[in-house]
*Asks:* 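Take this structure first; my questions come after.
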2 protein chains.
Amino acid sequence: MTKPGYPTIDDVARAANVSTATISRAINTPSKVAKPTRERIEALIQEMGYTPNHWSRVLASKRSNTIGAIIPTMANSMFASGLQAFQERLAESDMTMLVASTGYDSESEWHQIRALIAQGVDGLLLIGESRTPEAQDFLKTRAIPYVISWSYRSGTDLIFAGFDNYQAAANMATTVLDMGHRHIGILGGVSTDNDRARERINGFKDTIDAFGDGAKVTGVIEAGYSLTDGGDAFADIMRHAPQTTAIVCGNDVLAAGAIVRANQQNVKVPCEVSITGFDDIDLSRVVQPTLTTVQVPQIAMGRAAAELLLTQLSDTKPALSVEVPTQIIRRHSLAAPAAGYRSKS
Amino acid sequence: MTKPGYPTIDDVARAANVSTATISRAINTPSKVAKPTRERIEALIQEMGYTPNHWSRVLASKRSNTIGAIIPTMANSMFASGLQAFQERLAESDMTMLVASTGYDSESEWHQIRALIAQGVDGLLLIGESRTPEAQDFLKTRAIPYVISWSYRSGTDLIFAGFDNYQAAANMATTVLDMGHRHIGILGGVSTDNDRARERINGFKDTIDAFGDGAKVTGVIEAGYSLTDGGDAFADIMRHAPQTTAIVCGNDVLAAGAIVRANQQNVKVPCEVSITGFDDIDLSRVVQPTLTTVQVPQIAMGRAAAELLLTQLSDTKPALSVEVPTQIIRRHSLAAPAAGYRSKS
DNA sequence: TAATCGAATGTAAGCTGTTACATTGAATGG
DNA sequence: CCATTCAATGTAACAGCTTACATTCGATTA
């Protein structure tokens, strides 16, 4: 970061024949500087190619203009595009983003939180609500502004920019039930350290259980993060509960894995068994049959999260959680159960 | 970043009855502090919960311990997992990563480079070689350490941690030719501002042109970044050059798009037309038929890039470019051309 | 006209470390 | 025993900006 010979605020001050304070004000609070002076300074800044040293600024102002984002993984387009939107919105306000990933592990998240705070970030973006008690305490006592994304819950003082996983899952379950399915398997992500996965599973489960008319959950499996995991879980469900006519999945990767496996095993989707996903990533448009899934407005969510963090930092008005809407995208992996299978119920 | 009441180096110095210089040395160059003193200081640091303020450190030492990564997009697992590996390696050496994305636009990249450097990053990770002349000049005159990933070229003083796109593409083309295909279409990414896309296309092209035995390129199309773009381009090629028996694609998204479209149009893959991809992302295992593609060792690449940056910064030994190997993954979208089609040639 | 005010600007004390240079004192060598 | 050296530590000058407080001076008010 050595910038040999690059002008400092002192150089500009000398050239403009004012004090450094005036330069600083001309930059940060222009209204406090008389117009002619300000214009002279601005011209000089241009001419000399002055850029304030970021770090000194941080040190002096006690604001780093940096926020940290801690996400489970980058290796999944699902978080990536939300994150990108988040970053872009921050950049518009001259803030920068530090990223860290946890591999879906709360201990690791706790470690990253400490690291980022030690670095002096002004705020944090966190995914979901599951974190270690230590982390929660820490966030509270240090009073670090943060927003939680990918989840939403009302009735707390936490600030969310996300959606209601439970409700979205419930809606999907309803859609599946409405098509006539009564024996439904649930294939979710691992719910340890992951409230989103848990909420989705519960949303599915509660809705099916409450539906009546003979609707029941034929099995609940939590699987890992790969296509293969999805495939294996699919095979499991079908082995133990062959009467299953639909499987609702906690994410698209698992769903796609399930479909691929079904194809291999010559189980016809959706004729014999319907499969639904969650997230609407690219995969869902490529897999055969294409996947009926829940679309999550990632870009909107990312921007909203950034916006909330920004208002928290400028503390003019209180930041209010925002809930973004999800939507069911109908494709071909969901259909009414075949009569033969249905009659079994 | 307000840490009210958190101890500073002064507090520790006072408690240990030494000067701040000694504390600083105990932390940064322990060998220069007598053992008993050092141990006393270390204990005190523990006890008081002292963490050096990152930013003052930066200001005083003129090293930010931060490096910037500028990638085309985050919304693609292709860069994401390499990036994650990069970040993890940096974290091991107590460095942090700032990310920015360009949307595949050089002007935007140039802007991001300036922004990150103004922020005082110690080094940069850049993708590929295409950048504006201004950016190149800037990097040279400022002498910022940087490494280029996702590309590799020998015979320059640039430092790479990547692979040879041209050669990898050429290998794929050879594989396709060896299976007997003679009329081959090329479906690449947009090559403006993108040397990787360009190299891949050239690698395909040159290899086919040079092969002899009647091998020829039936068309070259550059398409955008979506599945649909791939599908449209596929349709185009098949319309204008129906004798085509294989299409080599510059990335998996385009290839998957092509396959999906082929399925819709009832063109049998691979019987009527073979399709190959590049990158080996998840999609390639899900699409039907599964995609024969070029696998890129992203994790290794990311770590290598971090390693190179780190050695450049510690400037003990010179950093030498590393080339990672790519590999062709054979799946089902590539087969020998059907006799009927082949005889046409 | 003197008192009051407020806009524009200056002064200088931070912010929290790092590090070149200075000092001390004990060990080593001739 | 004196000169030299070196390890351990201290002193204090930065790094480059922000900002509370002080100053100046022309305009307003009673």
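Residue numbers start from 1 in every chain, and the chains themselves are labelled A, B, ... in the order their sequence lines are given, proteins ahead of strands. In this text, all values refer to a predicted model and were calculated from it rather than measured experimentally.
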*Asks:* What ring-ring contact (aromatic ring centres under 6.0 Å, His included) pairs are there with at least one residue in residues 56-103 of chain A, not counting sequence neighbours?
*Replies:*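 For residues 56-103 of chain A, and leaving out neighbouring residues, the ring-ring contact (aromatic ring centres under 6.0 Å, His included) pairs sorted by first residue read A:F79-A:W150.
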*Asks:* Output every pair passing ring-ring contact (aromatic ring centres under 6.0 Å, His included) with a member in residues 34-53 of chain B, not counting sequence neighbours, ordered by first then second residue.
*Replies:* none
*Asks:* In whole Å, I'd like the distance from the CZ atom of A:R57 to the P atom of D:dT18.
*Replies:* 5 Å
*Asks:* In whole Å, I'd like the distance from the NZ atom of A:K35 to the P atom of C:dA7.
*Replies:*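 Rounded to whole Å, this separation is 18 Å.
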*Asks:* Between atom CG in A:L59 and atom P in D:dC17, what is the gap in whole Å?
*Replies:* 12 Å
*Asks:* Could you tell me how far apart B:I23 (CD1) and D:dT9 (C1') are, to the nearest whole angstrom?
*Replies:*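 Going from B:I23 (CD1) to D:dT9 (C1'), I get 11 Å.
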*Asks:* Is there a donor-acceptor contact under 3.5 Å from the side chain of A:D122 to the main chain of A:S64?
*Replies:* yes
*Asks:* For the helix from C:dT1-D:dA30 to C:dG30-D:dC1, how many degrees between its two end axes (five pairs per end), to the nearest 10°?
*Replies:* 40°
*Asks:* B:W110 ring centre to B:R114 NZ or CZ under 6.0 Å, with the angle to the axis within 45°?
*Replies:*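 Flagged: B:R114 positioned over aromatic ring of B:W110.
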*Asks:* Take the protein atom CD of B:Q119 and the nucleotide atom P of D:dC17, then report the distance between them rounded to whole Å.
*Replies:* 14 Å
*Asks:* Could you work out which one of C:dA8, D:dA8, D:dT18 sits closest to the side chain of A:I9?
*Replies:*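 Minimum distance to the A:I9 side chain belongs to D:dT18.
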*Asks:* Output the residues of residues 12-19 of chain B in contact with DNA chain C, where contact means a heavy atom of the residue under 4.0 Å from an atom of the strand; sort by number or write none.
*Replies:* none
*Asks:* Give every residue pair that meets the ring-ring contact (aromatic ring centres under 6.0 Å, His included) criterion with at least one member in residues 14-39 of chain B, sequence neighbours excluded.
*Replies:* none
*Asks:* Which pairs, protein N/O on one side and nucleotides 19-27 of chain D N/O on the other, fall under 3.5 Å?
*Replies:*
none

*Asks:* Between A:Y50 and B:R40, name the one whose nearest nucleotide on DNA chain D is closer to the 5' end.
*Replies:* B:R40
*Asks:* Rounding to an integer number of Å, can you tell me how far B:D10 CG sits from C:dT18 C1'?
*Replies:*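 My rounded result for the distance is 13 Å.
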